[in-house]
Amino acid sequence: MASERNNLEISVSRFWPLAETVNLVQATLIIIGIEPQSLEHKVESMDPSERPKDYIAVRNAIVSALEENVLEGTLEKKDYSSEPRTVGYTLPRPDRYDYSLSRVKIPSLKDWMEEKGYETEVLRLPMKKRTGFRDPENDRFSLKL
């Protein structure tokens, strides 16, 4: 099972920072270094022992930051109205949020992580270094080039 977890860790697309928001499942997978497209539709239904390492800890940290308005985003509650009701008692519902519908803003997530002392290269947009006449700090800079 540990080898299956290691196979999940493929390179995360460098284009995720172009999105303004991502859902909580995507954000969590990006932070732990797993490309969301490979796992986002099944990770919440996986047995907890099969989920990627640190998944629950990171997801819960994001949720608590959203609850405290430290992060910008939305938490969408799960809709249990379609579930059959039992008479006499209510079964516990471990997750009150729908993590696929809940959203977090990428710039807010990046700032929050840096504030906490963490960083991930995936959330950084690559800065293309301008050289020569294309560099605005060059004495012979030209807008036309």
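Note that the coordinates shown come from a computational prediction; the quantities given were computed from them, not determined experimentally.
- For the residue pair Trp112 and Ala61, the shortest heavy atom distance occurs at CZ2-O, 3.8 Å.
- Nearest heavy-atom pair, Ser11 versus Glu35, reported as atom, atom and distance to 0.1 Å: O-CB, 3.8 Å.
- Here the shortest heavy-atom pairing between Asn23 and Ser100 reads CB-O, 3.2 Å.
- When all heavy atoms of Leu66 and Val104 are compared, the pair lying nearest together is CD2-CG2, 4.4 Å.
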Using side-chain hydrogen bond (donor to acceptor under 3.5 Å, both in side chains), reason through Glu44 and Tyr55 one step at a time and then give a plain yes or no.
CA-CA 10 Å; Glu44 285 297 324; Tyr55 179 81; 2.6 Å; yes
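- Considering only heavy atoms from C-beta on, Lys77 comes within 4.5 Å of Tyr97 through its side chain.
- When side chains are defined from C-beta on, Val43 does not count as touching Thr28, because their heavy atoms never get closer than 4.5 Å.
- Of all heavy-atom pairs between Val12 and Gly33, the closest is CG2-C, 3.5 Å.
- The two residues Asp98 and Lys78 have their closest heavy-atom pair at N-CG, 3.7 Å.
- Contact check for Gln26 versus Leu29: no side-chain heavy atoms found under the 4.5 Å cut-off.
- No side-chain donor-acceptor contact under 3.5 Å links Arg59 to the backbone of Leu24.
- No path of Ile, Leu, Val, Met, Phe, Trp and Tyr side chains, each step under 4.5 Å between heavy atoms, connects Leu75 with Leu101, placing them in separate hydrophobic clusters.
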